[in-house]
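These notes are about the structure you will find just below.
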Number of protein chains: 2
Amino acid sequence: MQLGQFDLFCQVARVKSFSKAAKLLHISQPAISAQIHSMEEFYGIKLFERTPHGVTLTPAGTVLFDYAKQILELHEDLERKLTGMADEKNQKLVVGATPTVGGHALACGIWTFKDKYPDLQINLEIDNPQEIVTKIYDKDVDLAIVECPVRNFKGLTVKNVFTDELVAIVPNNAHWAGRTTVTLDELLKNRLILREEGSELHLLLDEALRPLNLRFADLKPSTSISSASAIKTAVENGHGVSIGLRLTVQKELRHGNILALTIENVDPRVEYNLVYRDDDLTGVAKRFIRFITSPGELEVC
Amino acid sequence: MQLGQFDLFCQVARVKSFSKAAKLLHISQPAISAQIHSMEEFYGIKLFERTPHGVTLTPAGTVLFDYAKQILELHEDLERKLTGMADEKNQKLVVGATPTVGGHALACGIWTFKDKYPDLQINLEIDNPQEIVTKIYDKDVDLAIVECPVRNFKGLTVKNVFTDELVAIVPNNAHWAGRTTVTLDELLKNRLILREEGSELHLLLDEALRPLNLRFADLKPSTSISSASAIKTAVENGHGVSIGLRLTVQKELRHGNILALTIENVDPRVEYNLVYRDDDLTGVAKRFIRFITSPGELEVC
DNA sequence: ACCGGTTACGTATCCCGTAATCATT
DNA sequence: AATGATTACGGGATACGTAACCGGT
């Protein structure tokens, strides 16, 4: 039995659904199903009642839930204690990130990580992708997360940790309500507000538009703003539309102020990559990698 | 992190040696080394100081030892509780075994298992191999452990759980002291006391002697005794020599009353096989299989 | 040379993701 | 139809054992 299985089990128990837990943990539903099944096999007793609306804990599942929480709690205690015992080098961690990742996904994750290990000193270094990679080489940062592909660099390990998607960001008003997709042409008929040239979005859009023989510059955005939150405010108030990563507008989506539409004929996939030198990793760095690659941790604030 | 790794770690911490722990857990030394290494990697801190004489816990290792014991204790509690909640079918387990296995290896294991799950009702059914297999088919026993190969039976799963060896059993007196091997010829010059014809030993010896074109009957034992303990008493007192499985004389070996010698030119390996029907396994049966196949559990009393 | 731990490598198993399927509303 | 769970299958990671290799007594 793995501790991760307890974690998975607790998530399922909390949200009372295999599929919801799968989304939260960023793994597939069959993976959840298989893990729960293997736990039921392991303990020789049914843990969930499957209903059409989700799942509910059996009495045995309730007992397991209780113990699983205790065991996980103990283990977190243990990790905190061990972290406190590490030598000086292992008490300090410098994480690099691009503005998009650093401002949304990572910012929250770092707080969670720091909550787990209060003794750690963590610095978040935000810069553009090229600079970040240079800093990894120079050992100024221990590891970094960037949303653009990092290629042709030897001595660096690149691991995909999350898949985001490019979406059209439009106000949730009478004109757009109910829509789920939009063509690029229709989008361009509106006032388009984008991040500035040279930003990560620039690179991402160049990449995504290449199959259409278009480039970032061809979009001719009426306004370029270097602040993601300023763009969101503008869109919310009906001043225009934008294109961005779903993760950066997750909070606003929940509030219903804006809509995120799929752009037809554009492959929306954007991979977030964890990058680090394969040698010279400190213990903290390894633990952070484990933290950030474990399901469900890379969440927006 | 797996619970089994905590278990492994605790064993190493207790015996303060990788190789000793490997023997106890019936796995190889490199396996121990790799597991401990992966735990040190996982927590980012060294857990053992390696010395030429074995290993000692670092301060971090001491902390982990403490927590590991707590976590394992909690988990055993959990398993007990879940076992108590199982339905009636899952509270009863019938284990089959041949006399050799049942009288030595399993007898102790079953007590350990019962200690873990006091609510269980366990029956140990001892019979000869053919009868045992029949009883598995008839669902009179849930699973069995036999020390002879079970072949050509469809619908049965056979898993090797332990490797024992056939040894010559001689008194620890002036004549034999210091010896580690013996030829079959020399052995036959002594009064040979064996288990009765038709016993498992009969089958095992027929198998082991086949490469030499010999059979059990060719040994012409001067005495056949159906009781293993009676044979051991006779050998201890210098009344003769015998051949048997190392496991059956482990206790006497520790006391130094007798010696176990390798018989030259005889392949001593004897596999203990776990046998069960692949369908219709109860939860308890699965748990017992897990118990018995987990390292270090199949120990002589 | 021996004992104890590590490294290297081939193999078996497990776990996940994708895709197809089943069951219920 | 649509939602939610299971089954089938292929690929990647993991853990084991064997064998060869150090390092200290």
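In what follows, chains carry the letters A, B, and so on, assigned in the order in which the sequence lines appear, proteins first and then strands, with residues in each chain numbered from 1. Because the structure is a prediction, the values reported are computed rather than measured.
With a 4.5 Å cut-off on side-chain heavy atoms, A/Leu245 and A/Glu165 do not count as touching.
Look at B/Gln35 and you'll find a side-chain N or O under 4.0 angstrom from OP1 or OP2 of D/dC16. Between A/Gln29 and D/dG4 there is no side-chain polar atom (N or O) within less than 4.0 angstrom of OP1 or OP2. Dashed line: the shortest gap from a side-chain N or O of A/Arg50 to OP1 or OP2 of D/dT6 is under 4.0 Å. When the side-chain nitrogen and oxygen atoms of A/Ser33 are compared with OP1 and OP2 of D/dT6, one or more of them lie within a distance under 4.0 Å.
The side chain of B/Ile27 has D/dG17 as its nearest neighbour among C/dT6, D/dG17, C/dG17. Counting only heavy atoms from C-beta on, A/Pro52 has its side chain closest to C/dT24 among C/dT24, D/dA19, D/dA5. Across D/dC16, C/dG5, C/dT18, the shortest atom-to-atom separation from the side chain of B/Ser19 is found for C/dG5. Side chain of A/Ser17, nearest nucleotide from D/dA5, C/dT7, C/dG5: D/dA5. Of the candidates C/dC16, D/dA19, D/dA5, C/dC16 carries the atom nearest the A/Ala31 side chain, counting heavy atoms from C-beta on. Residue A/His53 has its side chain nearest to C/dT25 when only C/dT25, D/dT6, C/dC15 are considered.
We find that CZ of B/Phe42 is positioned 16 Å from C1' of D/dA15, with the value rounded to whole Å. Between the NZ atom of B/Lys16 and the P atom of C/dG5 there is a distance of 13 Å, given to the nearest Å. As a whole-Å value, the separation of A/Phe18 CZ from C/dC16 P is 13 Å. Between the NE2 atom of A/His26 and the C1' atom of C/dT18 there is a distance of 19 Å, rounded to whole Å. Atom-to-atom, CD of B/Glu49 to C1' of C/dG5 comes out at 14 Å; the value is rounded to the nearest Å. A/Leu47 has its CG atom 15 Å from the P atom of D/dA5, to the nearest Å. Whole-Å rounding puts the A/Ile36 CD1 to D/dT6 P distance at 9 Å. Here the C1' atom of nucleotide D/dA15 and the CD atom of B/Glu41 are 15 Å apart, to the nearest Å.
Nearer the 5' end of DNA chain C, as judged by each residue's closest nucleotide, is the contact made by B/Lys20, out of B/Lys20 and A/Gln5. Between A/Gln2 and A/Thr51, the residue anchored nearer the 5' end of DNA chain D, judged by the nucleotide with its closest heavy atom, is A/Thr51.
In summary, B/Arg290 and B/Glu79 engage in a salt bridge, as defined by a charged side-chain N under 4.0 Å from a carboxylate O.
A cation-pi arrangement is present between B/Lys69 and B/Phe65, with the terminal nitrogen or guanidinium carbon under 6.0 Å from the aromatic centre and inside a 45° cone about the axis. For the pair B/Arg287 and A/Tyr43, the cation does not sit on the ring face, since its NZ or CZ is not both under 6.0 Å from the ring centre and inside 45° of the axis.
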If you apply the rule side-chain hydrogen bond (donor to acceptor under 3.5 Å, both in side chains), what do you find for A/Gln5 with A/Ser38, and how did you get there? CA-CA 10 Å; A/Gln5 294 183 268; A/Ser38 96; 3.2 Å; yes
